[in-house]
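Structure, as structure tokens:
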Amino acid sequence: MGKVVLVTGVARQLGGRFVRRVQRDPGVDRVIAVDAVAPGHDLGDARFVRADIRQSALARILAEHAVDTVVHLDVSGKALGAGGRTTVKETNVIGTMQLLGACQKSPSVRRLVVKSSTSVYGSASRDPAVFTETTPPKSLPSGGFAKDAVEVEGYVRGFARRRPDVAVCVLRFANILGPRPDSPLADYLALPVLPTVFGYDPRLQFVHEDDVVDVLGIAASEPRRGTLNSGTFNIAGDGVLLLSQCSRRLGKPTVPVPLPAVTWVGSALRTIGMTDFSPEQIRLLTHGRVVSTVQMRETLGFRPKFTTAETFAEYARSQGPGLLPPETVGRAVDRLAELPLPGGAGPRERGAGAVETTDGAR
């Protein structure tokens, strides 16, 4: 790893965790932690610099500390503090432009890691079953964080062409969950009753907070033998979960809402401040999204410690019991599955309408 590492977005829990972790690397001399907001958590021995990445101060910071590795984590779908959607977009897009401009002028920068999202693929009815890193989206995201991520990656590709001497790694994370989640989807899952889109049961993938920190460390280091940590990689835990399985494991009832009325429900939830039920999240909860992680394993050389199901189980434990005990719900579903089908048919066989997941639950 480089001797001097600059990390943006350190006021968020994820940024703070990575700052504390990277300091344990014996090859790192200094860590410069940057954010516009003072963090409420410990950053260890890192030097905190209060700076807004939308401003031009980054070039001075890079030059002053001779930074050679930049880890850009200040790309998020959720505002920190009282900031709204406008602030988030400006930080994501304009902040990234300013950071890349400063990196382009800095002769000391040799490695750049950018946090992105699998939301760049969008969610549509004609999507492939599994997205690879080279699969073009059927319909580009039209707004929200997904569009921000698309624009950010576009600017990063331009930077890589202008500075071919810099090793650039873009990590497209699936939905990040864990004991301390900070995302719109986590806010949605924290609702006492989950509104769902009538007639749809989307497939979802998750990645654990611990795995996120670990893979960031790999991306920010010199590549290990037989691996390559330059390029774009999907990062997700093994397996998938249906939204219905998620609700049962949380012990929360669902309220199916006809698709035309979902927007009204989302607006109501945003108005009362319960969750940011944005159009992009509605599309995810309608069509779902699954990505391939072959390149993550074979090229980047990273194997997550947590599967999608295990990640969700960690999140569920942190939320406490829901309105409906999961065990009771599971037994009720099993009894329903054993009932004869209409027309005199026997009980539904396992596999006919059931979905097998990594942990064997239906």
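Heavy atoms only: backbone and side chains are in, while hydrogens, waters and symmetry mates are out.
- For the residue pair P184 and G77, the shortest heavy atom distance occurs at CG-O, 3.6 Å.
- Remark: side-chain polar atoms of K252 are paired, donor with acceptor, to backbone N or O of A190 under 3.5 angstrom.
- Salt bridge R283/E280: absent, no basic N to carboxylate O contact under 4.0 Å.
- Between R172 and T232 the shortest side-chain heavy-atom distance falls below 4.5 Å.
- You'll find the side chain of T254 stays beyond 4.5 Å of the side chain of V193, heavy atoms only.
- Of the possible donor and acceptor atoms, none in the side chain of D68 sits under 3.5 Å from a partner among the backbone N and O of V5.
- The cluster map of Ile, Leu, Val, Met, Phe, Trp and Tyr, joined by side-chain heavy atoms under 4.5 Å apart, puts M97 and V67 in the same cluster.
- The shortest side-chain heavy-atom distance between P304 and M296 falls under the 4.5 Å cut-off.
- Put simply, L228 and V168 are part of two different groups of oily side chains (I, L, V, M, F, W, Y) that touch within less than 4.5 Å, one to the next.
- Residues D211 and F302 are in side-chain contact: their nearest non-hydrogen atoms beyond the backbone lie under 4.5 Å apart.
- In plain terms, the two heavy atoms of T118 and A174 that are nearest each other are OG1-CA, 3.6 Å.
- H41 and A11 make their closest contact through CE1-O, 3.0 Å (heavy atoms, listed as atom of the first residue, atom of the second, distance).
- Between L216 and L73, the closest side-chain pair of non-hydrogen atoms falls below 4.5 Å.
- Going from atom SG of C246 over to atom CG of L185 covers 8.0 Å, rounded to the nearest 0.5 Å.
- Although no hydrogens or angles enter the test, the distance criterion places no donor-acceptor pair under 3.5 Å between the side chain of R203 and the main chain of R289.
- Looking only at distances, a side-chain donor or acceptor of S117 sits under 3.5 Å from a matching main-chain atom of S119.
- Atom CG of L43 is separated from atom CD1 of I32 by 11.5 Å, given to the nearest 0.5 angstrom.
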* To do: List the steps and the verdict of salt bridge (charged side-chain N to carboxylate O under 4.0 Å, His left out) for E222 and R110.
  => CA-CA 11 Å; E222 290 299 317; R110 287 292 177 264; over 6 Å; no
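- Listed by first and then second residue, the ring pair (Phe, Tyr, Trp, His ring centres under 6.0 Å) pairs involving residues 46-77 amount to none (not counting sequence neighbours).
- The number of heavy atoms from other shown groups lying within 6.0 Å of CG (D165) is above 12.
- To the nearest 0.5 Å, atom OG1 of residue T96 and atom CZ of residue R54 are 11.5 Å apart.
- Between L250 atom CG and F312 atom CZ the span is 3.5 Å, to the nearest 0.5 Å.
- With 3.5 Å as the limit, one finds a donor-acceptor pair spanning the side chains of R111 and N229.
- With R50 contributing its side chain and V37 its backbone, the two residues share no donor-acceptor pair below 3.5 Å.
- Between S244 and D201, the side chains place a donor N or O and an acceptor N or O closer than 3.5 Å (distance only, hydrogens not considered).
- Note on ring orientation: taking the six-membered ring where Trp is involved, the planes of Y200 and H287 are perpendicular (angle over 60°, cut-offs 30° and 60°).
- Looking at R249, its side chain never comes within 3.5 Å of a backbone N or O of A309 through a donor-acceptor pair.
- Checking R162 against Q104 by side-chain atom types alone, a donor-acceptor pair falls below 3.5 Å.
- Applying the ring pair (Phe, Tyr, Trp, His ring centres under 6.0 Å) rule to pairs touching residues 152-176 yields nothing, sequence neighbours excluded.
- In plain terms, the two heavy atoms of Q205 and V291 that are nearest each other are OE1-N, 2.7 Å.
- Grouping the Ile, Leu, Val, Met, Phe, Trp and Tyr side chains by contacts below 4.5 angstrom, directly or via other members, places F306 apart from I235.
- Side-chain N or O atoms of Y315 include none that pairs as donor or acceptor with a backbone N or O of E310 at under 3.5 Å.
- When all heavy atoms of V197 and I282 are compared, the closest pair comes out as CG2-O, 4.5 Å.
- Across every non-hydrogen atom of A219 and C169, the tightest pair is CB-SG, 3.8 Å.
- In this structure, the side chain of D35 engages the main chain of V10 through a donor-acceptor pair within 3.5 Å.
- Panel note: side chain K115, backbone D74; no donor-acceptor pair is recorded below 3.5 Å.
- S116 and E153 share a side-chain donor-acceptor pair at under 3.5 Å.
- The closest donor-acceptor contact from the side chain of S221 to the backbone of G217 lies under 3.5 Å.
- Sorted by first then second residue, the salt bridge (charged side-chain N to carboxylate O under 4.0 Å, His left out) pairs that include residues 122-145, not counting sequence neighbours, number zero.
- Applying salt bridge (Lys or Arg N to Asp or Glu O under 4.0 Å) to D210 and the options R21, R180, R17, K305 leaves one that passes, R17.
- Two residues are said to be in side-chain contact when any heavy atoms from C-beta on lie closer than 4.5 Å; V240 and T308 fail this criterion.
- Note on V93 and V70: same hydrophobic cluster, where clusters join Ile, Leu, Val, Met, Phe, Trp and Tyr whose side-chain heavy atoms are under 4.5 Å apart, directly or indirectly.
- The closest side-chain donor-acceptor pair between T135 and T132 falls under 3.5 angstrom.
- There is a side-chain donor-acceptor pair under 3.5 Å between N234 and Y121.
- Atom OG1 of T8 and atom CD of Q98 lie 13.5 Å apart (nearest 0.5 Å).
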* Worked verdict on Q281 versus L285 for side chain to side chain contact (heavy atoms under 4.5 Å, CB included) -> CA-CA 6 Å; Q281 186 161 300; L285 297 177; 4.1 Å; yes
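- Within the 4.5 Å cutoff, the side chain of N175 has no heavy atoms near those of the V207 side chain.
- Note that the CD1 atom of I53 and the CD1 atom of I94 stand 10.5 Å from one another [nearest 0.5 Å].
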* Go through the steps to decide whether C103 and R163 satisfy the test side chain to side chain contact (heavy atoms under 4.5 Å, CB included), and finish with yes or no. => CA-CA 9 Å; C103 290; R163 284 291 303 269; 5.9 Å; no
* **H208 and E314: CA distance, side-chain angles, deciding distance, side chain to side chain contact (heavy atoms under 4.5 Å, CB included) verdict** => CA-CA 8 Å; H208 197 281; E314 283 270 305; 3.4 Å; yes
* Taking it one step at a time, do L300 and I218 satisfy side chain to side chain contact (heavy atoms under 4.5 Å, CB included)? -> CA-CA 8 Å; L300 186 61; I218 291 175; 4.1 Å; yes
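- L171 and V19 fall within a single hydrophobic cluster, where Ile, Leu, Val, Met, Phe, Trp and Tyr are joined by side-chain heavy atoms under 4.5 Å apart, directly or via other members.
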* Would D238 and R297 count as a salt bridge (charged side-chain N to carboxylate O under 4.0 Å, His left out) if you check the C-alpha gap in whole Å, the side-chain angles of each, and the deciding distance to 0.1 Å? -> CA-CA 11 Å; D238 290 346; R297 294 173 174 279; 2.5 Å; yes
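- Contact annotation: the side chain of L194 never approaches that of V255 to less than 4.5 Å [non-hydrogen atoms, C-beta and beyond].
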